[in-house]
There are 2 protein chains.
Amino acid sequence: VICEVVAVGTELLLGQIVDTNSAWIGEQLALAGIDCLRQQKVGDNRSRIVAALREALDRSDAVLMCGGLGPTQDDITREAIAEVLGVGLDLDEDVAARIEAMFARRGRRMPMNNLRQAEVPVGAVAIHDPQPGTAPGLICPAPGDKVVYAVPGVPHEMREIVTRAVLPDLRRRAGVSAVILSRTLRTWGESESGLAELLAPRITELDRLGGVTIAFLASGIEGLKVRLTAKAADEATARAMLADEEERLRAQLGPLVFGVDDETMEFAVAALLEGHGLTLGLAESVTGGLLSSRLTDVAGVSGVFRGAVVSYQSEVKFDVLGVERGPVVTAETAEQMAVGARRVLDADVGLGITGVAGPAEQDGMPVGTVFVGLVIGDQEPESIRLALPGDRRRVRDFAAISALDLLRRRLLERSG
Amino acid sequence: VICEVVAVGTELLLGQIVDTNSAWIGEQLALAGIDCLRQQKVGDNRSRIVAALREALDRSDAVLMCGGLGPTQDDITREAIAEVLGVGLDLDEDVAARIEAMFARRGRRMPMNNLRQAEVPVGAVAIHDPQPGTAPGLICPAPGDKVVYAVPGVPHEMREIVTRAVLPDLRRRAGVSAVILSRTLRTWGESESGLAELLAPRITELDRLGGVTIAFLASGIEGLKVRLTAKAADEATARAMLADEEERLRAQLGPLVFGVDDETMEFAVAALLEGHGLTLGLAESVTGGLLSSRLTDVAGVSGVFRGAVVSYQSEVKFDVLGVERGPVVTAETAEQMAVGARRVLDADVGLGITGVAGPAEQDGMPVGTVFVGLVIGDQEPESIRLALPGDRRRVRDFAAISALDLLRRRLLERSG
């Protein structure tokens, strides 16, 4: 089965939005064993959407239209699909009721425009979004046993509908047998070229053996990713190949690996804290709340995370955290912040971060200088000094993940 | 002149790379007054590149091919262009010499493959990259006074060649004098469809008048954007048209508009605080440091932002912020958090946020329930209650921008 992607939106052509949706869809199609040979972007213009869809449908077995399902006048993907399929639009009462209910629940007036989202090409099936009130996806049968899918352009809605409804339908049509699975090991503490050197012998071996491939991807605060991809006749075999390779790489990389797939550094640290029965309090200066914000993205972290003091102005460091007055980009300040966070927030572990994110240097310290202080229980506080590359945002990102990594390694040591 | 973009590369279809080049090119074409109605992505496959180029050339006056000019076997854009134009490839001696010289200068042996980069379709002009040794861009005249451009896929090389050679050539062909400029008004407080309804009369009027167009773009924590685009004979006229339209829309939208172009809500609030000579202290629970992190992304905010207490566990609300013990997702808690933040952080203004981000309800309050408390100086604290849609992340994002918006509106009222 060949599936072509047509992304709809003038804002995509004008470069106001980068079309990340098509890239994600392309990746998912590849992993599902569906060929995607062409992707297009077209503006919110009915005749051009119709032309693009006709051409795509001529060349392919399936076309995935992304975007143009919203409530406004320039959302015309529904109308274009109906025109190409030569059918009318019907109001889907079920979808309409869901949209009305959503507005009622929020106590808001429903603009009439929103009912347009309940219109469906005759013969098509609406795929409900799990968050009712938004545009449903559409599965529209086309002549010659072909199919047109329509999904919203809002990334999280698109992903949900593609994963839950579009990919399974495509797989069924394709009778796909070969299974491609992948797994990502997340690492911190080694550069991309360092990792590549470490793993070069194994990569060479895999080139010869086939079956599993390894690729690297630097992802800032998400860590440096090592992606394993396995292709096999069935899922069980592919899973076993990934598990074997993961075990082999973990043996080689040791504590560099902090997580798998969606497991962030925050998740890893939260799990270790829970395992040790310890709570954490933060004192953030250069990271300004970023670390706390990332930690609280982890559902269920409230059991181990007490909270944070963001001491952006120096006075807050002195008055709230009890840091000694003086220059604040120092190892001593980081340690005193950690101790202060532990005391003020009544936590078992205190972590403090101070540094210079730029644009200008501070206290004679160059941009990128960061000190991380750590105190666990009544132990002596310790600190590390980092020299981080990049602009303001990257310095903050790297400071956050480096601070968590320090805590992670100390907790791993306690685990034995 | 209509110019279509064809991005070449299997890695784009597989989603291994997001095609940011096409977005950038689209924006540059728009600003240069060149219409771009369609963009395509196609893999490193000669027959499919040829088909995509043929179709694009049929529909358009110019086609910009991006990628596939490198030295490896799968870089076949040159060959595909030659095939479509019905010409051969000639070695461009000048380009070959530059590539050889580059290798010699770096003291490296030149792989023979690299000479492929010096091959040019007969009749085409090579555009030298200022960094010699890389693939040159190509300007290839096509029948019917049309043209095919080829540029490398490496972003900085692509940008250089497009800016220096492709855009001037396109402008000359178009005889463009028309200039297109755009400006984005950022709003908060009305839904996308609500805004569309508010502005519908004006949009209808503009459809008739021409010159300026209006589009909407929902951007989560970045607000709901209203983008104005003006097309005029010269830049001064386009600027004046944008200024007129902005004034008209601001008069209609009033305080819904919080910024222009890159001005975030955080920036707007920081500027207002500075204007009033006030400092801010935060108490964050449901947003977990997100708001603090966003505020400290604004360079220079340290003058008005004291810091934050992230009171993730209830005990921190009680013990550090002085909130009365009891259920913590209430209006009273939000107000007491604001008062506590102001006191603990020694700030003029206190802002407190408590609520339920999910996945489960809390204190009998459904997911999406958020209370924002605000206290300015010695005034009585106030609070608002929000019912926010979406998943955990979106609830936090909307809570953060809504809290800042409350403060923004109160500060605007003080400004008169």
Side-chain angles (χ1 to χ4, degrees), chain A residues 10-20 22-27 30 36-43 48 52 55 70-74 106-107 111 113-114 131 156 288-290 292-293 295-297 299 302 305-313 315-316 319-320 344-346 359 392-393, chain B residues 12-15 17-20 22-27 30 36-43 48 52 55 191-194 196-197 215-217 227 288-293 295-297 299 302 305-313 315-316 319-320 344-346 359 387 389-393:
Chain A
T10 302
E11 69 279 11
L12 300 173
L13 292 178
L14 295 176
Q16 293 162 356
I17 294 183
V18 173
D19 176 25
T20 54
S22 295
W24 184 87
I25 291 169
E27 187 176 19
C36 181
L37 307 179
R38 190 99 73 111
Q39 298 186 347
Q40 300 190 61
K41 284 184 266 184
V42 64
R48 290 195 285 270
E55 291 161 25
T72 68
Q73 290 300 331
D74 56 1
R106 290 202 222 154
N113 267 344
N114 283 63
Q131 293 165 335
H156 74 271
L290 173 65
S292 177
S293 166
L295 265 170
T296 55
D297 269 340
S302 58
F305 181 57
R306 295 281 294 174
V309 174
V310 179
S311 54
Y312 210 59
Q313 289 188 353
E315 297 297 321
V316 177
D319 298 343
V320 179
V344 171
L345 298 164
D346 193 18
R392 188 175 168 84
R393 164 149 276 164
Chain B
L12 300 174
L13 292 178
L14 294 178
I17 295 183
V18 172
D19 176 26
T20 53
S22 294
W24 184 86
I25 291 169
E27 187 173 19
C36 181
L37 308 180
R38 190 99 74 111
Q39 298 186 348
Q40 299 190 62
K41 283 184 267 186
V42 65
R48 289 195 286 269
E55 291 161 25
S191 69
E192 182 172 355
S193 45
E197 266 187 29
F216 302 100
L217 187 62
R227 178 148 178 151
L290 174 65
L291 191 44
S292 177
S293 168
L295 265 169
T296 55
D297 269 340
S302 58
F305 181 56
R306 294 282 293 175
V309 174
V310 179
S311 53
Y312 210 60
Q313 288 189 353
E315 296 298 319
V316 177
D319 298 344
V320 179
V344 172
L345 298 163
D346 194 17
D391 58 14
R392 188 175 168 84
R393 165 149 273 161

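The chains referred to below are lettered A, B, ... by the order of the sequence lines, with proteins before strands, and numbering in each begins at 1. Computation of the quantities below employed the complete heavy-atom set of this structure, encompassing side-chain atoms and omitting hydrogens, waters and symmetry-equivalent molecules.
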In terms of heavy-atom pairs under 4.5 Å, which option from B:S193, B:A308, B:S22, B:G194 contacts chain A the most?
-> B:A308
Proximity breakdown for A:D19 and chain B, heavy-atom pairs closer than 4.5 Å | both
Interface moiety of B:V309 toward chain A, non-hydrogen atoms closer than 4.5 Å = both
Less than 4.0 Å between a side-chain N and a carboxylate O, is that true for A:R38 and B:E55?
-> yes
Honestly, the part of A:I25 sitting under 4.5 Å from a heavy atom of chain B is neither
Residue selection (most heavy-atom pairs with chain A, distance under 4.5 Å) from B:S311, B:G307, B:G288, B:G26 | B:G288
Part of A:R306 lying under 4.5 Å from any heavy atom of chain B = both
Does CZ belonging to B:R393 count more than 12 external heavy atoms closer than 6.0 Å?
-> no
Options A:V344, A:D297, A:I17, ranked by heavy-atom pairs under 4.5 Å with chain B, top entry = A:D297
Is the side chain of A:Q313 donor-acceptor paired with the backbone N or O of B:S302 at a distance under 3.5 Å, no angle test?
-> yes
For A:G289, does its backbone N or O pair with a side-chain atom of A:S293 as donor and acceptor, under 3.5 Å?
-> no
Top of B:A215, B:A299, B:A23, B:P359 for chain A proximity - count of heavy-atom pairs under 4.5 angstrom | B:A23
Can B:V42 and B:Q40 be said to form a side-chain contact (heavy atoms from CB on, under 4.5 Å), step by step?
-> CA-CA 7 Å; B:V42 65; B:Q40 299 190 62; 5.8 Å; no
Contact part of A:V320 toward chain B, heavy-atom cut-off under 4.5 Å: side chain, backbone, both or neither?
-> side chain
Largest heavy-atom contact set with chain A, pairs under 4.5 Å, which of B:A52, B:A387, B:G43 = B:A52
Can you sort out the partners of B:L13 under side chain to side chain contact (heavy atoms under 4.5 Å, CB included), two or more places apart, ordered by chain and number?
-> A:Q39, B:K41
Look up atom CZ in B:F216 and atom CD in A:Q73, then write down how far apart they are to the nearest 0.5 Å.
-> 10.5 Å
A:L345, A:L295, A:L290, A:D346: which one forms the most heavy-atom pairs within less than 4.5 Å of chain B?
-> A:L290
Taking only residues two or more places apart in sequence, or in another chain, which ones meet A:T72 in a side chain to side chain contact (heavy atoms under 4.5 Å, CB included)?
-> A:D74, A:D75, B:E192, B:A196
